[in-house]
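Lettering follows sequence order; numbering is per chain, from 1.
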Amino acid sequence: MKKLKNDGTAVNSALLRRPIQRWFPLFLLPTVVAFIIGFVYPFFQGIYLSFCKFTTTSDAAFNGISNYLNALKDATFVHAFWYTALYAVVSLLIINILAFLIAYVLTQGIKGSNLFRTVFFMPNLIGGIVLGYIWSMIFDGILSRYGTSILLETKYGFWGLIILMCWQQIGYMMIIYIAGLQAVPEDLIEAAKIDGATKWQTLIHVTIPNVMPSITICTFLTLTNGFKLFDQNLALTGGQPFSFMADGTIVKTTEMLALNIYNTFYGQSASARGVAQAKAVLFFILVAVISLIQLKTTKEKEVQQ
Amino acid sequence: MKKKNVLALMLVGSMCATLFAGCGSTSTASSDTKEETKEETTTEATTETADAAEDTASGSGSVYWLNFKPEADEALQGIAATYTEQTGVEVKVVTAASGTYEQTLTSEMDKSAAPTLFVIGNQGSVSTWGDYAIDLKGTDVYNELNTDSFTLYDADGKAVSIGYCYESYGIIVNKTLLAQAGYSIDDITNFETLKAVADDIHARAAELGFDAFTSSGMDDSSSWRFSGHLANLPLYYEEQADGWTEAPSEIKGTYLEYFKNVWDLYTTDTAIDKSTLATGGYDAEAEFKNGEAVFYQNGTWEYSALSEVYSNDELSMIPIYCGADGEENAGLCSGTENCWAVNAKASEEDQKATLDFMYWLVTSEEGTKMMAEQFGAIPYKGAAESDNVFLADSNRLLSEGKYNVDWAFNYTPNVDEWRAGVVAAMNQYDAGGDWSTVETAFVQGWATQYAAANQ
C-alpha cells in the first residue's frame, strides 16, 4: 500500500480523523437530545395518552382502547375522513397538473419568466389563517350578489378551499417542477427530435419520465398537505354549514380531519380529550400509510439517468 | 437503488416530522399564545417566576393568577404590584389571549409552576376542571360573599368556584337618538312596544340618519351575543317553567318563539342586509359609537368603551323584551362566568397565599376599588361603588321589584360546540332557510352535546 504523504493538515489525515471517529457521539449529542425532546418523547407520550382519560397531559389515567372505539363510532370523524380524502385527491390532481403546465410554459424561454416565477411563488409566503379570512371575503363578495355565502353550501366551501389551496400551492410546486424540467438532459430531447418525435411525444416519453422524481416529491407534498390541512379550513369555513342528522348527530360538513381533532379536544369536555388523541394517532397512521403507498407507486415509474 | 432507498427514508422521516408537528400542535400552539400573552402582559415574567420559585422554596407561598379578561390585564398587573409592595407576596398575573383561555389553561396546568388562581366559569368547566379545584366553602373569602347565587358546585356539593364579579346584559339604548326619533325609554315596556318603536325608526331611517339596531354579525367576534346571550331567553323561561336544578340532559325548546321574535327584529330593523351577516366583519360597537343606531345588544362590560363617547345621561340599558308573558316585570340578564377557583394541586403555602390575596381583593380599599372599576359589581359585602350606568340600571330594576333573568346558558353542555351549531343553523335561516333548522340545532344539539359531554 502506498503511503500517503501526511503533513497533519489534510482533511483526511489520521490526526484529524481519529478524534472525530472517536468523539462523533459527542458532536451528535445536541441534535439527538433535541430530537428526543422535540420528537421521540412527545410522539410516544401522544400514543400513550390516546389510551388515557386526561385533562392535562401530566395527569392521565389509563382507560384501555375505549378512546379508539369512541373515535371510530363518531360519525363526524368518519365524515371528516371521507371529506378530507376527497379534498386531498381533487387538490392533488388540480395542483399538480396546473403547476406542471405552468412550469412547462415557463421553461420554454418566454420573456419575463423570472418575473412570472416570482409572482406565482409569492402566495406561499402568506400565512394560512390570513389567507383563509381574505379569501372568505373575496368569495362572499361574489356570492353575496346571489344572496348566499360560502358558509351556506358545502360545495362552495369545498371548491373555495380548493381554489385557495391551488392559489397558494401551485407556485411552490411549480418551482420544484421547473428545477426538474431544467435537469432533463438537452441531448435526450435533441435525440428525440432527430428521431422525428413530435412535441407531444417528446413530452410524454422523454420529459415526463425524466421529471418523475419531481412528480414524486410534489404529489407527496400535495397529498400530505391535503390531509393535514388545518389553518385554511378553520379560517375559511370553520366547518360550516352543519347538517343536523336524524339521530341527533351534528355533522360539520366542511370540517377536515385536523380541525375535527382540534374541535374534539377543545370544544368538548375533558372526557373527549383522550378520544381526540386517539383520533390523532389514527390520523398519523392513515397519513403515513397513504404516503408510503404513494411514494412506492410513483417511485416505480422513475427512470435512472 | 440504494440512494433511492435513502431518499425514501428521508422523505418518510420528514413526513413523520411534519405530521408530528400536527399531533403536537395542541400543546405547542397554546404555549405559543401563552408566550405572546406573557410578553404582552408582564415584561418581568421571567424574573417573577424566578422570584416565585424562590419564595416557594423559602415556604412563604406565591400567587399565580391566570386571568381570562384581556381588558382587565393592565389594572390587574398594577394591583398585583401594589399587593406585592404591601405584603411582600409575589403575585404573577398572566392573561390568556382572547378566546384561548381553555387552551392556555390546559398547557399552564401541566407545568410545575401551575396557576394557583384560575377561572371555572360554568357547569361544563366544572366537570372538566373540578378535580383541580379546592373546596372554597368556609374560606375567609367565601364568607365575604353576599350571595351564593354565583357559586358553582360539583355533583358532590364541593364549592368549586366563587364569583368575583357579575355582569348584566340587555339592550343598550342611545337615549339622545331615541329622543330625536320622538320616543323615550319609558315607551318601551315589552316586546310589542319595542317592535313598534324599532319598526318606526327603521321606516324613517333615511330621514333620521340612523337606524334601529346595530349589525348582528355572526362571525366569532360577535356571534356569542346571540348564540350565547340572546339564546339565554328561551333557556331561562324553560328553566323557570321546568325548575332546572342541574344541567338537563335534554331541553324542549318550548320558548324558542321568543328567540325568533327578537332575532327577526334585530335582522329586519337594521341598515345591514341579513344575508351578509354570516361572514360578518361588522363592528357593532363602532356603529353604536358613531350614532348609526339606537339599540345595541351587549353588556355592562361595554361601559368603559362607550363612556369614551357618551355621557352617563345618554346611555341606558333595557331588558331584552322577547314576547314572554309578564315581561313588563323583567330585569336585565345578570349572572357571571367569572368565577375564581384555587388550584388543588398547588402547594399548601401557595393556596394560602392565593386565598389571602383573594380576601384582600374583596375587602381592602385598593382591592375593592380596582374590582369595582375593572369588573363592575362584585358580590361581596365590602364592595365599592361603581359609576357604571348599566350596572346602576340593573340594580334599579331589581330594586323596583323586577325579576332577574339569570344566566341559564351556564348549563349548556359543550358550550362552544353547541353554540357553533346554533350559529350555523341561524346562518342557514338568515339565508332564507327554515326556522326548524334552528330548532333542531337548539333542542337536538343540546341532547347530542349533553350525551357527548357525559359519556
Got a second to check how far B:Thr276's OG1 is from A:Asp140's CG, nearest 0.5 Å?
-> 9.0 Å
Under 4.5 Å from any heavy atom of chain B - which part of A:Asn263 | both
Between the NZ atom in B:Lys345 and the CG atom in A:Asp59, the distance rounded to the nearest 0.5 Å is 3.5 Å
Where does A:Ser149 contact chain B at under 4.5 Å (heavy atoms): side chain, backbone, both or neither?
-> side chain
Looking only at B:Val415, B:Val443, B:Thr448, B:Asp273, the option with the highest number of non-hydrogen pairs under 4.5 Å against chain A is B:Thr448
Toward chain B, the part of A:Lys296 with a non-hydrogen atom under 4.5 Å | neither
Honestly, the part of B:Ala451 sitting under 4.5 Å from a heavy atom of chain A is neither
Assess whether atom CD of B:Glu246 is packed by more than 12 heavy atoms of other residues, nucleotides or ligands within 6.0 Å.
-> no
Might you confirm whether atom CG of A:Asn124 has over 12 heavy atoms from other residues, nucleotides or ligands at distances under 6.0 Å?
-> yes
Minimum heavy-atom distance A:Leu152-B:Ala431, with the two atoms named = CD1-CB, 3.1 Å
From OH (A:Tyr266) to OG1 (B:Thr128), nearest 0.5 Å | 12.0 Å
Find the distance between CG (B:Asn414) and OG1 (A:Thr264) and round it off to the nearest 0.5 Å.
-> 10.0 Å
Nearest atoms (heavy-atom pairs only) where B:Gln428 meets A:Phe242 | NE2-O, 3.1 Å
Heavy-atom distances under 4.5 Å only: say whether A:Asp74 touches chain B with side chain, backbone, both or neither.
-> neither
Contact class of A:Ser243 relative to chain B, heavy atoms under 4.5 angstrom = neither
The interface call for B:Trp129 against chain A, heavy-atom contacts under 4.5 Å, is side chain
Pick from A:Ile150, A:Val275, A:Thr57: which one has the most heavy-atom pairs with chain B under 4.5 Å?
-> A:Thr57
Given side chains that start at C-beta, do those of B:Met218 and A:Leu151 come closer than 4.5 Å, heavy atoms only?
-> no
Heavy-atom distance under 4.5 Å to chain A: side chain of B:Ala441, backbone, both or neither?
-> both
Heavy atoms only, distances under 4.5 angstrom: which of B:Thr279, B:Val423, B:Asp416 has the most pairs with chain A? Name it, please.
-> B:Thr279
Flag if over 12 foreign heavy atoms under 6.0 Å of CE, A:Met212 = yes
Count the heavy atoms of every other residue, nucleotide or ligand shown that sit under 6.0 Å from OH of A:Tyr87, and state whether that count exceeds 12.
-> yes
Run the side-chain contact (heavy atoms from CB on, under 4.5 Å) check on A:Phe244 and B:Glu439 step by step: do they pass?
-> CA-CA 10 Å; A:Phe244 302 91; B:Glu439 286 174 6; over 6 Å; no
Go through A:Thr55 and B:Met109 one step at a time and tell me if the side-chain contact (heavy atoms from CB on, under 4.5 Å) criterion holds.
-> CA-CA 9 Å; A:Thr55 303; B:Met109 284 303 239; over 6 Å; no
Atom pair CD1 (A:Ile250) and CD (B:Gln444), whose distance is rounded to the nearest 0.5 Å | 7.5 Å
Considering only heavy atoms, which portion of B:Thr437 lies under 4.5 Å from any heavy atom of chain A: side chain, backbone, both, or neither?
-> both
